[in-house]
Amino acid sequence: MPTVCHAILEMSRNQRDRELFAGTEFAIALPGARSTGHALSMNTPPRRVHRRVTLTEIAEACGVAPSTVSRALSNPNRVSAQMYERVARKAREMGYESATLPAARSRITRGTIALLVANLTNPFNLDVIRGCQVQAQSAGFMQLLVTSEESEQMEADWLRELPQNVDGIVVASPRSEDSLLTEVAQRVPLVILNREVPGIAGIVIDTVAGLVQALDYLVSLGHHDIAYVRGPSTSWSDRHRYEALQEAAERHGVELKAIGAFYPTVDAGAAAADAVALADVTAALFFNDTLAIAAMARFAHRGIRVPEDISVIGCDDIFAASFASPPLTTVRSPGEQAGRVITDMLLSSFLSRSRGHRVDTMPAHLIVRESTSHASAERYA
């Protein structure tokens with residue numbers, strides 16, 4: 001059976017992806033599944049068993065402040081080489097191990113972080129994976145990639161299991177309840193991409209503002225009847241986008257029609273196109289590019305012209321968006337950059353006594369291509 005790494009190599013659309021993922025191991029399996037030689041073992045790492053000594057105890061043994069020990073072990077560049085060696089040597093002598101303190105010179109990585117994504121069918125997630133992997137690797141950490149396959153139950157199972165096996169978790173667009181995420185964050189450092197949860201740090205890509213900009217653009221082209229093809233019902237981003245689009249539509253005095261709740265897959269995109277065709281609209285905003293591109297293919301099959309009969313706008317600006325037929329107008333989301341920043345946020349939280357709870361926002365903006373045009377003059381004559 002091919003490894004998951006091989007599957008990702010096949011899904012990657014350019015040579016840079018292949019160079020990045022070649023030689024990288026990922027683990028994607030159902031909770032409780034047997035580990036193979038191609039994936040990371042889910043057994044409890046030895047560093048978890050031996051982590052007994054506190055930073056305060058090390059500081060007392062070294063005769064320095066706990067903050068000095070924290071700086072030395074979390075970011076050696078912030079202390080002198082002599083201080084780092086002194087603290088690291090004492091920490092090892094006392095049996096202390098952590099994700100940022102190699103137990104021996106032969107140790108390959110400084111620790112393991114998990115990246116939990118909803119699926120691997122959405123190319124945007126590959127951008128996030130790429131950014132996380134590069135940032136983790138540059139810091140000397142191994143990345144464990146886990147997917148919930150759009151299952152809230154599977155995501156919950158992984159969230160309960162991972163804290164005993166990794167040093168930190170990045171969760172991208174989680175579907176689970178706030179209470180579970182908060183519970184897990186109390187057990188292990190955890191950050192969230194594209195969702196706000198009180199008390200947990202994270203990054204939110206402002207696709208809400210980007211899609212409002214897209215609706216403004218459609219109104220400027222004369223569209224009065226616009227559909228919004230919604231994403232998964234458990235999606236925090238989808239809920240906030242729809243609320244903002246409703247407000248924008250009311251402000252412009254145009255009608256916004258919500259269409260379904262669709263998983264971001266090619267098959268769902270075809271089904272969404274059929275639903276849009278029955279909605280009597282001249283333009284459609286889609287939850288993401290995968291849905292939008294698949295819908296345009298379905299429109300072509302039905303003889304519905306894009307953009308002459310209907311304008312289409314996606315979200316994310318995935319690799320295929322500019323090569324679609326016609327090239328897709330979309331909201332650009334900086335997935336790879338977000339992956340880097342959210343991973344750096346997690347790494348910075350290690351060994352911190354009070355974990356930060358800030359949520360940073362990254363901008364998203366409209367990219368106009370050929371899938372949008374003026375509304376038909378005949379329709380509004």
Side-chain angles (χ1 to χ4, degrees), residues 4-24 26 28 115 117-135 137 143 145 147 149-150 170 172-173 193-194 203 205-207 210-211 213-214 229 231 235 237 262-270 272-273 284-300 306-307 311-343 362-372:
V4 173
C5 182
H6 294 157
I8 293 178
L9 287 173
E10 289 297 321
M11 295 172 67
S12 301
R13 295 178 180 269
N14 53 47
Q15 184 60 33
R16 185 173 61 153
D17 287 349
R18 295 185 178 93
E19 292 173 353
L20 172 68
F21 291 118
T24 302
F26 298 97
I28 304 177
L115 170 61
V117 298
N119 62 71
L120 288 176
T121 60
N122 183 358
F124 173 76
N125 285 338
L126 296 182
D127 290 338
V128 174
I129 293 167
R130 184 185 305 115
C132 289
Q133 171 66 16
V134 169
Q135 197 69 17
Q137 192 173 46
Q143 176 177 292
L145 176 60
T147 176
E149 298 297 341
E150 292 290 351
V170 176
S173 302
L193 175 62
N194 278 342
I203 301 289
I205 302 176
D206 195 6
T207 52
L211 282 171
Q213 182 185 7
V229 177
S235 169
S237 295
F262 296 92
Y263 287 119
T265 65
V266 172
D267 290 343
L285 298 159
F286 285 78
F287 174 74
N288 73 357
D289 289 346
T290 300
L291 287 171
I293 293 171
M296 289 198 299
R298 178 63 174 170
F299 286 145
V306 177
S311 290
V312 173
I313 297 181
C315 185
D316 289 338
D317 195 25
I318 63 175
F319 181 79
S322 60
F323 299 101
S325 180
L328 180 65
T329 296
T330 185
V331 173
R332 176 171 292 171
S333 300
E336 183 172 347
Q337 183 183 0
R340 288 174 178 266
V341 174
I342 194 69
T343 302
M362 301 184 70
H365 60 278
L366 183 67
I367 302 295
V368 177
R369 297 194 180 102
E370 297 170 28
S371 66
T372 46

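In this structure Asp267 satisfies the side-chain contact (heavy atoms from CB on, under 4.5 Å) test together with Thr265, sequence neighbours excluded. Residues forming a salt bridge (Lys or Arg N to Asp or Glu O under 4.0 Å) with Asp289 (at least two apart in sequence, or on another chain): none. Among residues two or more places apart in sequence or in another chain, the side-chain hydrogen bond (donor to acceptor under 3.5 Å, both in side chains) test is passed with Ser311 by His223. In this structure, the side-chain contact (heavy atoms from CB on, under 4.5 Å) partners of Val266, at least two apart in sequence or on a different chain, are Thr290, Ala294. Under the side-chain contact (heavy atoms from CB on, under 4.5 Å) criterion, Ala295 pairs with Ala273, Phe286, Phe299, sequence neighbours left out. In this structure Ser173 satisfies the side-chain contact (heavy atoms from CB on, under 4.5 Å) test together with Arg175, Asn194, sequence neighbours excluded. With sequence neighbours excluded, the residues forming a side-chain hydrogen bond (donor to acceptor under 3.5 Å, both in side chains) with Thr207 are Arg241, listed by chain and number.
What you find for Leu291 and Pro264 is that their closest heavy atoms are CG-CA, 4.1 Å. The nearest pair of heavy atoms linking Met296 to Leu328 is CE-CD1, 4.0 Å. Of all heavy-atom pairs spanning Phe262 and Ala268, the tightest one is CD2-O, 3.7 Å. Minimum interatomic distance between Val312 and Ser371 (heavy atoms only, all atoms of both residues): O-OG, 2.6 Å.
Using modelled atom types, no side-chain atom of Glu336 and backbone atom of Arg130 make a donor-acceptor pair closer than 3.5 Å. A donor-acceptor pair under 3.5 Å links the side-chain atoms of Asn125 to the main chain of Asn119, judged by distance alone. Formation of a donor-acceptor pair under 3.5 Å by the Asp316 side chain with backbone atoms of Ile318 is not found in this model. Not a single donor-acceptor pair under 3.5 Å links the side chain of Thr330 to the backbone N or O of Ile313.
Atom CD1 of residue Ile342 and atom CD of residue Gln135 lie 11.5 Å apart, to the nearest 0.5 angstrom. With rounding to the nearest 0.5 Å, the separation of CD1 in Ile205 from OG in Ser333 is 5.0 Å. Rounding to the nearest 0.5 angstrom, the gap separating the CG atom in Leu366 from the SG atom in Cys315 is 10.0 Å.
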Side chain to side chain contact (heavy atoms under 4.5 Å, CB included) evaluation trace for Val331 with Gln213: CA-CA 9 Å; Val331 173; Gln213 182 185 7; over 6 Å; no

Chi angles and distances behind the side chain to side chain contact (heavy atoms under 4.5 Å, CB included) call for Asn288, Phe124: CA-CA 9 Å; Asn288 73 357; Phe124 173 76; over 6 Å; no

Evaluation steps, side chain to side chain contact (heavy atoms under 4.5 Å, CB included), between Gln143 and Ile129: CA-CA 9 Å; Gln143 176 177 292; Ile129 293 167; 4.0 Å; yes

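Counting only residues at least two apart or on different chains, the salt bridge (charged side-chain N to carboxylate O under 4.0 Å, His left out) pairs with a member in residues 291-300 are Asp274-Arg298.
Under the salt bridge (Lys or Arg N to Asp or Glu O under 4.0 Å) rule, Arg332 has a single partner from Asp127, Asp317, Asp206, which is Asp317.
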Side chains of residues 320-327: which donor-acceptor pairs under 3.5 Å do they make with residues two or more places apart or in other chains?
none

